[in-house]
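Report on one structure; see the data block that follows.
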Number of protein chains: 2
Amino acid sequence: MTSFYEQHMRQIGLKLSQYSVLANISEQKQTLVQLADRLDMDRTTLTRSLRPLLDQGWVVEAAGDDARQRWLVLTPTGSVFRQKAEAHWRDAQLALESQLGREFVANLNVQMQQALSQLKPALPEAN
Amino acid sequence: MTSFYEQHMRQIGLKLSQYSVLANISEQKQTLVQLADRLDMDRTTLTRSLRPLLDQGWVVEAAGDDARQRWLVLTPTGSVFRQKAEAHWRDAQLALESQLGREFVANLNVQMQQALSQLKPALPEAN
DNA sequence: CAATAATATGTGCATATGCACGTTAAATGC
DNA sequence: GCATTTAACGTGCATATGCACATATTATTG
């Protein structure tokens with residue numbers, strides 16, 4: 001399934017993980033750790049997925065009162081690109097649904113969410 | 001979920017992928033490609049997962065009439081170890097079921113199988 | 001039967017990922 | 001107010017994976 005999405009996102013030069021980040025940054029500023037928590041991904045992996053988005057100017061880092069933190073903000077350019085990316089994401093979604101059935105995919109999403117929330121507390125090495 | 005199984009298999013020094021191979025070799029000889037197909041995994045990844053099993057003497061390579069092929073066979077020692085490994089696998093399965101519910105896991109298995117079989121023909125880059 | 005195609009396999013290389021460690025800065029304890 | 005602990009972050013290193021390529025062997029075709 002991921003390779004399905006990868007194929008579609010490649011058309012605009014994004015890895016799936018990069019889209020995932022872009023889609024969750026939005027305009028409200030967040031810290032790296034906050035974002036990593038939200039995405040259920042490793043903090044250091046996020047650092048690396050983020051780099052290209054910073055290089056492209058879609059995301060910028062802003063300093064706050066706490067000098068350790070780096071606030072991440074989606075730029076206007078990033079916002080425009082994000083909309084474009086979302087269209088491709090929806091294409092992928094539709095293509096996937098045409099293979100598996102709309103309900104099948106919807107069910108799977110619910111179940112994966114459920115599995116994640118129930119398994120996460122049981123894993124000591126959880127992100 | 002994989003990390004769940006990894007934890008349990010680590011107790012007998014196996015990676016999940018290695019167990020997966022061991023569990024599917026059985027005593028009937030197969031080629032690398034046949035086994036890779038059965039496991040839906042990349043041929044070259046299988047080569048590498050197999051190495052430790054060969055080193056431990058749980059699997060041996062036998063030559064046949066076709067000099068290109070290497071027939072893979074589970075040894076008696078391997079068979080004994082496999083049974084031990086299967087016990088740990090079942091432990092992991094039970095632990096997982098205790099977290100998610102027995103039916104939930106069963107359903108997931110069915111759905112994953114279904115998704116795989118329906119998606120695979122649609123992917124040009126499928127293994 | 002020679003030339004070409006197909007098959008079975010290993011290996012180099014690039015990439016994604018997570019953990020251990022280091023560094024800087026804030027918070028807390030006494 | 002200084003010492004210690006905690007927090008936020010980057011980076012080195014190890015590993016798993018898949019693709020591209022190389023090699024050897026069998027099949028096919030003219």
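Because the structure is a prediction, the values reported are computed rather than measured. Each chain gets a letter, A, B and so on, in the order the sequences are listed, and its residues count up from 1.
- For the pair K29(A) NZ and dA8(D) C1', the computed distance is 16 Å after rounding to whole Å.
- With side-chain heavy atoms closer than 4.5 Å counting as contact, directly or through intermediates, the hydrophobic cluster containing V60(A) also holds V73(A).
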Protein N or O to nucleotides 14-17 of chain C N or O, pairs below 3.5 Å:
{"unit_1": "dA16(C)", "atom_1": "OP1", "unit_2": "K15(A)", "atom_2": "NZ", "d": "2.6"}

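- Judged as a side-chain hydrogen bond (donor to acceptor under 3.5 Å, both in side chains), and not counting sequence neighbours, the contacts of Q28(A) are S26(A).
- Phosphate proximity of dT11(D) to R51(A): present, with a side-chain N or O under 4.0 Å from OP1 or OP2.
- In this structure, Q56(A) has no side-chain hydrogen bond (donor to acceptor under 3.5 Å, both in side chains) partners at least two apart in sequence or on a different chain.
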Write out a two-atom table: protein N or O, nucleotide N or O from nucleotides 3-5 of chain C, distance below 3.5 Å.
none

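- The distance from atom CG of L22(A) to atom OG of S17(A), rounded to the nearest 0.5 Å, is 11.0 Å.
- Each salt bridge (charged side-chain N to carboxylate O under 4.0 Å, His left out) pair with one or both residues in residues 106-119 of chain B, not counting sequence neighbours, would appear here, but there are none.
- Atom CG in L50(A) sits about 12 Å away from atom P in dT11(D), given to the nearest Å.
- Across dT11(D), dT9(C), dT26(D), the shortest atom-to-atom separation from the side chain of T31(B) is found for dT9(C).
- Remark: E6(B) pairs with no residue by the side-chain hydrogen bond (donor to acceptor under 3.5 Å, both in side chains) rule, at least two apart or across chains.
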Kindly give the atom pairs (protein nitrogen or oxygen, nucleotide nitrogen or oxygen) under 3.5 Å for nucleotides 20-24 of chain C.
none

Would you be so kind as to tabulate the donor-acceptor pairs closer than 3.5 Å made by side chains of residues 88-106 of chain B, with sequence neighbours excluded?
{"unit_1": "Q93(B)", "atom_1": "OE1", "unit_2": "Y5(B)", "atom_2": "OH", "d": "2.6"}
{"unit_1": "S98(B)", "atom_1": "OG", "unit_2": "A95(B)", "atom_2": "O", "d": "2.9"}

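- Distance, W71(A) CH2 to dA8(D) P: 10 Å, rounded to whole Å.
- Counting to the nearest Å, the P atom of dG18(D) and the CG atom of D40(B) are 11 Å from each other.
- For T77(A), there are no side-chain hydrogen bond (donor to acceptor under 3.5 Å, both in side chains) partners, not counting sequence neighbours.
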Side chains of residues 46-53 of chain A: which donor-acceptor pairs under 3.5 Å do they make with residues two or more places apart or in other chains?
{"unit_1": "T47(A)", "atom_1": "OG1", "unit_2": "R43(A)", "atom_2": "O", "d": "3.2"}
{"unit_1": "S49(A)", "atom_1": "OG", "unit_2": "T45(A)", "atom_2": "O", "d": "3.3"}

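- Atom CG of L108(B) and atom CD of Q111(A) lie 5.5 Å apart (nearest 0.5 Å).
- Between D66(A) and Q69(B), the one whose closest nucleotide on DNA chain C sits nearer the 5' end is Q69(B).
- For residues 53-74 of chain B, the pairs satisfying ring-ring contact (aromatic ring centres under 6.0 Å, His included) are W58(B)-F81(B), with sequence neighbours left out.
- In this structure, R10(A) places its CZ atom 12 Å from C1' of dG18(D), rounding to the nearest Å.
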